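To keep things clear, I will list the structure first and then write my remarks on it.
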Amino acid sequence: LLCPCFIYGAYVFLPFDAPLLPTVSARLVYTLRCAAFATFPIVLGMIISGISRLCSSALEPFGELQREVEIHRTYVSQSVHLFILYFFNMAVLATYLPQEVLKLIPLLTGLFAISRLIYWLSYAIGRSFRAFGFSMTFLPLLAMLLWNLYSMFVVEPENLLA
């Protein structure tokens, strides 16, 4: 329930609009530029993971990882997988959205980055708290996937492979 409210509030109250993007290639470039900001939590996780591995008291670098190191490594791995899914769905979404609604692309990118940081923090607190951050990442991804499939097969089935 929080994700649609957050997206709607940001859509209505943030004072910016997407630039005029008449072609599919311009929309894909815009999506690619927005997606660069979504890599910030992943890069930050890689840096913290490297620092925690260097500061770890483990004597063998390829041995059993401590919990502090394992948290960051798992976070980065899962974030990369989710980012790939998120980016491809955003790229397809950008091709089907009308010009007036393209403001959703940077908002969804911001939601992804914030939700991954919330997931990381809640995962560090305890494994039972991570469902909130994961659902803030996964449910918008699922909504984008369903909208993309609806757009492909129902709205424009004649342009499915065009």
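Small disclaimer: the values here were computed from a predicted structure and weren't measured. Note: hydrogens, waters and symmetry copies are ignored here, and every other heavy atom, side chains too, is used.
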Quiz prompt | Smallest separation among heavy atoms of Y86 and P140, with atom names | solution = OH-CB, 3.6 Å
Exercise. Would you name the heavy atoms of A35 and F83 that are closest together and state the gap between them?
Key: O-CE1, 3.5 Å
Self-check item: Side chain T74, main chain I71, donor-acceptor under 3.5 Å
Solution: no
Exercise. Check side-chain contact (heavy atoms from CB on, under 4.5 Å) between T23 and all other residues, then give those that pass, not counting sequence neighbours.
Key: S25, A26
Exercise. Kindly give the heavy-atom pair with the smallest separation between R27 and Q99, and that separation in Å.
Key: NH2-N, 3.6 Å
Practice problem: Any chance you could measure L141, atom CG, to S135, atom OG, to the nearest 0.5 Å? | Solution: 12.5 Å
Quiz item: Looking just at side-chain N and O atoms, do R116 and S79 make a donor-acceptor pair shorter than 3.5 Å?
Solution: yes
Quiz item: Are L97 and L142 in one and the same hydrophobic cluster, where Ile, Leu, Val, Met, Phe, Trp and Tyr link if side-chain heavy atoms are under 4.5 Å apart?
Solution: yes
Quiz prompt | Any residue meeting ring pair (Phe, Tyr, Trp, His ring centres under 6.0 Å) with Y30, in chain and number order, not counting sequence neighbours | solution = none
Quiz item: If Ile, Leu, Val, Met, Phe, Trp and Tyr residues are connected whenever their side-chain heavy atoms lie under 4.5 Å apart, and connections chain through other members, are M46 and L54 in the same group?
Solution: no
Quiz item: Are I42 and L32 grouped together when hydrophobic residues (ILVMFWY) are joined by side-chain heavy atoms under 4.5 angstrom apart?
Solution: yes
Quiz item: What residues, two or more places apart in sequence or in another chain, satisfy side-chain contact (heavy atoms from CB on, under 4.5 Å) together with I47?
Solution: V43, I51
Practice problem: Check for a donor-acceptor pair, side chain of N148 on one end and backbone N or O of N89 on the other, with a separation under 3.5 Å. | Solution: yes
Quiz item: Relative to each other, are the rings of W147 and Y150 parallel, tilted or perpendicular (30° and 60° limits)?
Solution: tilted
Self-check item: Straight-line distance of M90 CE to L85 CG, nearest 0.5 Å
Solution: 12.0 Å
Self-check item: Residues clustering with V24 (ILVMFWY side chains joined when closer than 4.5 Å, directly or via others)
Solution: L28
Exercise. Could you list who else is in L20's hydrophobic cluster, with ILVMFWY side chains joined at under 4.5 Å, directly or through other members?
Key: none
Residues 101-114 side chain polar contacts: donor-acceptor under 3.5 Å, at least two apart:
unit_1, atom_1, unit_2, atom_2, d
K103, NZ, Y11, O, 2.7
K103, NZ, L14, O, 2.7
K103, NZ, F16, O, 3.2
T109, OG1, I105, O, 2.9

Quiz item: Which atom pair, heavy atoms only, marks the closest approach of S52 to V69?
Solution: O-CG2, 3.6 Å
Quiz prompt | Residues that F134 engages under ring pair (Phe, Tyr, Trp, His ring centres under 6.0 Å), provided they are two or more places apart | solution = F138
Exercise. List for me each residue that meets side-chain contact (heavy atoms from CB on, under 4.5 Å) alongside F132, sequence neighbours excluded, and say none if there are none.
Key: L2, I118, M136
Practice problem: Tell me, please, which residues at least two apart from Y119 pass side chain to side chain donor-acceptor pair (under 3.5 Å). | Solution: Q78
Quiz prompt | By side-chain contact (heavy atoms from CB on, under 4.5 Å) - contacts of I84 (at least two apart) | solution = V80, F88
Self-check item: For S115, all residues meeting side chain to side chain donor-acceptor pair (under 3.5 Å), sequence neighbours excluded
Solution: T137
Quiz item: Can you list the residues that meet the ring pair (Phe, Tyr, Trp, His ring centres under 6.0 Å) rule with F40, with sequence neighbours excluded?
Solution: none
Practice problem: Starting at CG of L121, measure out to OH of Y75 and round the result to the nearest 0.5 Å. | Solution: 10.5 Å
Quiz item: Would a line drawn from the ring center of Y123 to the ring center of W120 be shorter than 6.0 Å?
Solution: no
Quiz item: What's the spacing between R53 CZ and R73 CZ if we round to 0.5 Å?
Solution: 7.5 Å
